[in-house]
Amino acid sequence: MGGLVKAEFRKIFTVNLWWALLIPVAVLSFGAGWIGTAFGSIEQMQEAAGRSLPTGLLTVSMSTNYSTIFAALFGALAVAGEHRHKSITTTYLTGNPRGAVLGAKLIAYTNIGLLYGLVNVLSASIGGLLGAGLDGFGNPVDWFTVGGAGLLAMVLWTLLGVGFGALVTNSIVAVLVLVAYKFVIEFILSVVLLGSEIAGFVAYLPGAASNGIVGNLAVPIFISAVAGDSEPYVQVEAFQVLHFFFGGTYGHPWWLSLLTFLGYTAAFVLGGWLVSRRRDIT
Amino acid sequence: MHDGSGRILVQGLSKNFGPIDAVRNLHFTVEPGSVTGFLGPNGSGKTTTLRMILGLIAPSAGVATINGLPFAQLSNPGTVVGAVLEAQSFHPGRTARNHLRSYAAAMDVPDQQADQVLELVGLGSAATRKTGGFSLGMRQRLALATALLGDPQVLVLDEPSNGLDPEGIAWLRGFLKSFAATGRTVLVSSHLLREMEHTVDHVVIVSQGQCVYNGDLGQLRSAQRSRVLVRAADPGKLVTALQHSGFVVEHLPDGRLAVLDSDSRTVADLALQAGVALYDMQDEHVDLEQLFFQLTNGQYTGGAAPWGGPGPAGGAPPWGPPGGGFAPPAPQQTGQQPHQPQDAALWGAPQQGHRRENENGDSGGKA
Ligand SMILES: Nc1ncnc2c1ncn2[C@@H]1O[C@H](COP(=O)(O)OP(=O)(O)O)[C@@H](O)[C@H]1O
Ligand SMILES: [Mg+2]
């Protein structure tokens with residue numbers, strides 16, 4: 001098994017994809033951190049509050065919500081890319097059983113997910129430092145909490161991608177479906193659901209759940225920093241506006257989002273494993 | 001643990017893709033120490049069979065074992081069996097050496113092995129080049145290098161000479177023979193018997209997913225026959241004279257006679273003695289390739305002449321088993337591979353004739 005994991009690391013680092021998808025993560029996260037902290041309404045809020053606000057935490061949340069797609073795409077190509085380049089035959093000929101190959105990929109890609117997560121949190125934070133200065137991060141414990149949640153979200157998206165890629169094997173389909181889901185399909189689903197009786201289910205959709213891992217931590221932390229003692233009197237609308245921009249759902253605990261998204265990840269990994277176990281490689 | 005025999009055992013293997021029966025109830029054994037050819041025209045099920053042996057395709061029925069175990073139960077399979085398959089490729093952006101090192105890690109073999117196999121297949125100078133720029137022949141060589149990376153005991157190759165230049169083909173033949181000569185196992189498929197003729201010792205010939213011949217190549221070769229086509233002024237008289245001397249003669253639709261197992265000189269001498277004038281005489285040989293063609297076209301069941309002659313033969317099918325002088329000699333008369341007891345019924349029903357008694361084929365068993 002150690003050999004199979006090492007093989008996966010070698011496969012990852014001997015082609016360009018890992019950094020080609022990491023660059024947009026770094027750039028987007030940095031941009032979100034920098035521009036986001038200079039966001040007009042927040043600045044006004046800051047003036048209104050009369051003290052510095054941890055806007056950096058919000059932008060880490062936002063950058064995570066967008067950059068996870070790159071980790072998901074990278075993960076999806078773990079198996080689907082091997083089908084595309086027809087190296088899956090060699091991989092299965094040198095790794096037995098197929099579940100061990102998938103396991104090795106999951107271990108290796110967890111590490112890449114961590115790398116993506118670190119790059120995201122650090123880039124967003126550096127951007128935040130430029131935009132808002134050290135004051136923008138508030139309490140260091142809060143920063144570590146939000147940053148840690150960002151890592152977790154990134155790793156889970158990577159693993160979900162691995163499972164999804166193993167399930168569909170067609171790399172183009174895998175990439176298109178992930179991107180379309182993330183930016184179009186879930187949006188339509190939530191609009192439809194919000195107008196229905198089960199509007200509460202929206203928070204349990206994959207995208208909302210993953211955004212909630214970070215957003216449901218960052219937004220309440222931010223609000224309590226803004227409002228201080230008067231937090232109980234903050235209007236729900238303020239929360240809702242912030243959640244809309246920076247992820248999460250009002251009143252939804254972050255750990256529930258985590259459990260929900262963990263469920264999706266497990267489902268795709270399990271599905272990918274079951275289907276690839278007996279799939280004919282022709 | 002596997003039994004280390006190096007034997008590939010195929011028992012009742014079948015595969016259907018929806019309505020297509022790609023492979024139908026195949027039985028054969030591949031023994032170590034020699035090169036076994038797996039022959040059949042395009043679409044006859046070779047690739048499907050090899051992929052089933054290698055655990056890449058799940059059989060619809062039957063089992064295949066390597067060293068006594070199904071592929072899925074081999075631990076570190078790359079060190080037991082190496083394979084060069086069609087539709088097996090590399091990431092175009094990865095260098096040859098990095099490709100090999102990735103799989104060296106998977107097999108837990110030292111990294112130096114990657115450079116050794118690259119040298120072995122003549123790709124040493126291309127080690128740091130990305131495989132996307134490789135020619136077909138270079139890809140085949142790299143695929144072979146990958147197969148050899150784990151120093152396996154068994155080698156399975158699917159049409160490996162596709163894309164190789166003549167020099168490369170010659171090299172590959174020599175390589176496979178010497179690999180087998182070290183007591184290891186080679187199973188190599190091809191759609192051309194001629195290509196394999198000088199490389200393989202044993203052949204399994206399939207047609208439409210079914211086995212039509214399984215046996216020694218020498219034995220198949222000894223089934224080669226010659227005949228003389230002759231146009232005589234008085235055919236009747238010549239036939240009498242020939243039959244008197246023990247020759248089997250057939251009438252061809254164009255009026256010529258076909259004298260089986262003879263040569264033009266003998267026929268000319270006999271015609272002279274009989275006082276029959278000859279207008280035209282021609283020696284014909286069936287070569288292995290024709291035999292192969294015939295086997296894999298289902299013609300062995302009778303009917304059309306194997307000679308490419310004019311239309312369906314008028315008389316009895318010249319290749320019919322009972323009377324015609326063209327049936328191959330009984331297996332007992334020819335040099336047998338010691339480990340291949342069999343009833344190589346070349347002209348018999350395709351399937352049943354090849355089920356071998358499992359006297360020694362099973363020693364490895366499914367322990
Ligand atoms: N994945 C597949 N789906 C459907 N039919 C297939 C598939 N693979 C092979 N076949 C069919 O099975 C038969 C045998 O194919 P194959 O094993 O590739 O033959 P060969 O290697 O001897 O040319 C052919 O009729 C082919 O069309
Ligand atoms: Mg083929």
Side-chain angles (χ1 to χ4, degrees), chain A residues 1-21 74 77-105 107-109 111-112 165 169-171 273-282, chain B residues 15 17 22 47-48 51-52 54-60 69-109 111 114 130-132 139 142-143 146-147 149-150 152 156 158:
Chain A
M1 193 68 189
L4 291 180
V5 175
K6 189 171 167 189
E8 290 306 324
F9 274 119
R10 287 187 173 183
K11 286 181 197 168
I12 290 168
F13 290 121
T14 51
V15 292
N16 301 334
L17 189 68
W18 72 273
W19 60 258
L21 284 173
F74 185 73
L77 293 172
V79 177
E82 290 225 42
H83 280 270
R84 176 178 173 81
H85 298 301
K86 294 175 178 160
S87 57
I88 192 72
T89 293
T90 313
T91 296
Y92 284 157
L93 284 176
T94 55
N96 233 349
R98 293 182 186 180
V101 172
L102 186 63
K105 283 187 188 290
I107 293 171
Y109 279 72
N111 288 278
I112 305 299
T169 67
N170 182 318
S171 55
W273 173 65
L274 284 175
V275 171
S276 56
R277 244 179 3 147
R278 272 189 71 79
R279 170 182 283 123
D280 287 344
I281 310 296
T282 58
Chain B
K15 179 69 181 181
F17 295 105
T47 300
T48 305
R51 283 187 173 260
M52 285 196 281
L54 295 165
L56 295 163
I57 293 180
S60 306
L69 290 177
F71 183 91
Q73 288 171 29
L74 294 173
S75 58
N76 203 352
T79 60
V80 177
V81 54
V84 175
L85 298 175
E86 291 182 314
Q88 179 182 14
S89 193
F90 328 97
H91 191 296
R94 193 175 283 130
T95 66
R97 176 184 281 137
N98 282 335
H99 158 78
L100 289 169
R101 285 196 176 178
S102 299
Y103 290 106
M107 291 185 242
D108 276 325
V109 301
D111 285 351
K130 291 182 176 177
T131 63
R139 288 168 179 280
L142 183 55
T146 312
L149 189 58
V156 174
D158 196 8

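Sequence lines set the chain letters: A, B, ... in the order given, protein chains first and strands last, and positions in each chain run from 1.
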Non-hydrogen atoms of chain A under 4.5 Å away: do they reach the side chain of B:Phe17, the backbone, both or neither?
-> side chain
B:Thr146, part contacting chain A, at a heavy-atom distance under 4.5 Å = side chain
Using atom types as modelled and distance alone, determine if a side-chain donor or acceptor of A:Asn16 lies under 3.5 Å from a backbone N or O of B:Gly93.
-> no
B:Leu54 and side chain to side chain contact (heavy atoms under 4.5 Å, CB included): which partner among A:Ile281, A:Leu93, A:Thr89?
-> A:Leu93
Is atom CZ of A:Arg84 surrounded by more than 12 heavy atoms (other residues, nucleotides or ligands) closer than 6.0 Å?
-> no
Output yes when A:Asp280 and B:Lys15 qualify as a salt bridge under the 4.0 Å nitrogen-oxygen rule, no when they do not.
-> yes
Partner chain B: residue of A:Arg278, A:Arg279, A:Arg98, A:Lys6 with the largest heavy-atom pair count (under 4.5 Å) | A:Arg98
Backbone N/O of B:Phe71 and side chain of A:Asn96: donor-acceptor pair under 3.5 Å = yes
Side chain to side chain, B:Asp111 and A:Arg10, heavy atoms closer than 4.5 Å | yes
Quick one: does A:Ser87's side chain get under 4.5 Å of B:His91's, heavy atoms only?
-> no
Under 4.5 Å from any heavy atom of chain A - which part of B:Leu85 | side chain
Using distance alone, with no hydrogens and no angle criterion, decide if B:Arg101 and A:Thr14 have a side-chain donor and acceptor under 3.5 Å apart.
-> no
